[in-house]
Number of protein chains: 2
Amino acid sequence: MTVMETTSTRTDSCAAPPNAHRRPNGQDSYTISEVVAFTGLTAHTLRWYERIGLMPHIDRSHTGQRRYSNRDLDWLDLVGKLRLTGMPVADMVRYAELVREGDHTFTERFELLETTRRDVLSRIAELQDTLAVLDRKISFYAEAGRAYESEKAG
Amino acid sequence: MTVMETTSTRTDSCAAPPNAHRRPNGQDSYTISEVVAFTGLTAHTLRWYERIGLMPHIDRSHTGQRRYSNRDLDWLDLVGKLRLTGMPVADMVRYAELVREGDHTFTERFELLETTRRDVLSRIAELQDTLAVLDRKISFYAEAGRAYESEKAG
DNA sequence: TGCTTGCTTGGAGTGCACTCCAAGGCCATA
DNA sequence: TATGGCCTTGGAGTGCACTCCAAGCAAGCA
């Protein structure tokens, strides 16, 4: 009935985990400390992400403890990547909301990702520009260092 | 007597302004608001940079107002680039101190720049990784959008 | 002479993204 | 039974990089 029948059961509509390496055998339920070990985030941060609406609903054990799924880990993977781009958390929350709202937000999600993509491209360009400056300075200092050494020697 | 005789008179030992486009004719003295216009920084930020030791000594007019030189603009250019790399302001202040301390800090400056260069390279790699993820997601949504349209039509 | 504009200062305030705290529940091992 | 470890919560605190404020000075101009 929709584009992909599996869509509504997934946290993110196009998951497709590239690095599913950190998951043991067949289980699909991790404590917060396991997720801490996997992601490098702190437990504080994981709970905070949940509070601000950046996470989908996280399962709980019968005692009320969080039990993260592989899907949750995939989502955290994406969040981590987006974070590296400098995307504000608020924008990621917006994206999470769109995912929760269902298939009719596909267009908006597409646009958000497109915008992000453009941002990433220009950040890469900026960094390459900076790299050129650094290289110039570094070779200056390397040369200056050599000259200094030979001056000491001679 | 040292590696480069002009060294000690320059803010940064290997300036070599690549984009000296924003400087009028022959003058070498700009008000804070001109610098604001050139750099996109706010006057607040420029004064703050000075307070924390990120700037060399800035000239003053007879009434005590700041008068920035081309050298200062070059330095701000570098600072702007380093800022884009995510380098903490404290590290930039450290670099500024090394420059102020004179030629004997060449090695340390070299190492700081080398470290920064490596950071920039890995940031670029991260961003390219993220770009790949975004591209995958974007093409998913593009396809989903097309499928949705054809479903509506058929 | 007063008004406006632009600048000065130290210090206080802001927004973001965490980061931590106190108080307490659950459960396994000694 | 108690000790330790891991987890829970709401709310407060932190660090960074600005960002703003109030009070005041100097210059240009009606």
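First the proteins, then the strands, lettered A, B, ... as listed; each starts at 1. Remember, predicted model here, so these are calculated numbers, not experimental data.
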inquiry  = Determine whether A:Ile124 and A:Val120 satisfy the following criterion, side chain to side chain contact (heavy atoms under 4.5 Å, CB included), listing intermediate values before the conclusion.
reply    = CA-CA 6 Å; A:Ile124 290 175; A:Val120 172; 4.1 Å; yes

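- In the hydrophobic clustering of this structure, B:Leu84 does not group with A:Met87; members are Ile, Leu, Val, Met, Phe, Trp, Tyr whose side-chain heavy atoms approach within less than 4.5 Å, directly or through other members.
- The closest donor-acceptor contact from the side chain of A:Thr42 to the backbone of A:Thr45 lies under 3.5 Å.
- Minimum interatomic distance between A:Glu101 and A:His104 (heavy atoms only, all atoms of both residues): O-CE1, 3.1 Å.
- In this structure, the side chain of A:Arg123 does not engage the main chain of A:Gly86 through any donor-acceptor pair within 3.5 Å.
- With a 4.5 Å cut-off on side-chain heavy atoms, B:Val89 and B:Val79 do not count as touching.
- Of the residues in residues 43-52 of chain B, those with a non-hydrogen atom less than 4.0 angstrom from any atom of DNA chain C are B:Arg47, B:Arg51.
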(Q) Using side chain to side chain contact (heavy atoms under 4.5 Å, CB included), reason through B:Thr115 and B:Arg118 one step at a time and then give a plain yes or no. (A) CA-CA 5 Å; B:Thr115 305; B:Arg118 273 192 293 277; 3.9 Å; yes

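- Checked by atom type and distance alone, the side chain of B:Gln128 never pairs as donor or acceptor with a backbone atom of B:Ala125 at under 3.5 Å.
- The backbone N or O of A:Thr31 lies less than 3.5 Å from a partner atom in the side chain of A:Glu34, making a donor-acceptor pair.
- Considering all non-hydrogen atoms of both residues, B:Arg67 and B:Ser29 come closest at CD-OG, 3.3 Å.
- A 4.0 Å heavy-atom criterion places the boundary nucleotides of DNA chain C facing chain A at C:dA17 to C:dC27, written 5' to 3'.
- Remark: aromatic rings of A:Tyr30 and A:Tyr68 are distant, center separation not under 6.0 Å.
- Between B:Val99 and B:Thr105 the shortest heavy-atom distance is N-OG1, 4.5 Å.
- Residues from residues 58-67 of chain B lying near DNA chain D, meaning a heavy-atom separation below 4.0 Å, are B:His62, B:Thr63 in numerical order.
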Item checked: A:Val133 vs A:Arg136, side chain to side chain contact (heavy atoms under 4.5 Å, CB included): CA-CA, chis, key distance, verdict -> CA-CA 5 Å; A:Val133 173; A:Arg136 206 148 33 68; 4.0 Å; yes

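- Contact of the B:Leu82 side chain with the B:Asp91 side chain is not registered, since no non-hydrogen atoms from C-beta on lie closer than 4.5 Å.
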All N/O contacts under 3.5 Å from nucleotides 1-5 of chain D to the protein, with atom names and distances to one decimal?
none

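- For DNA chain D, if you chain together Watson-Crick or G-U pairs that step i with j, i+1 with j-1 and so on, the runs of at least three with distances under 3.5 Å are C:1-30 with D:1-30.
- Tested against B:Asp28 for a side-chain contact (heavy atoms from CB on, under 4.5 Å), the candidates B:Leu73, B:Asp72, B:Asp59, B:Asn70 yield a single pass: B:Asn70.
- The stretch residues 116-131 of chain A does not touch DNA chain C, since none of its heavy atoms comes less than 4.0 Å from the strand.
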- Does the side chain to side chain contact (heavy atoms under 4.5 Å, CB included) test come out yes or no for A:Glu50 and A:Arg66, once each step is laid out? CA-CA 11 Å; A:Glu50 210 175 321; A:Arg66 286 169 183 79; 2.6 Å; yes

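- A:Tyr95 and A:Trp75 have parallel rings, their planes meeting at less than 30° on a 0 to 90° scale where 60° marks the start of perpendicular.
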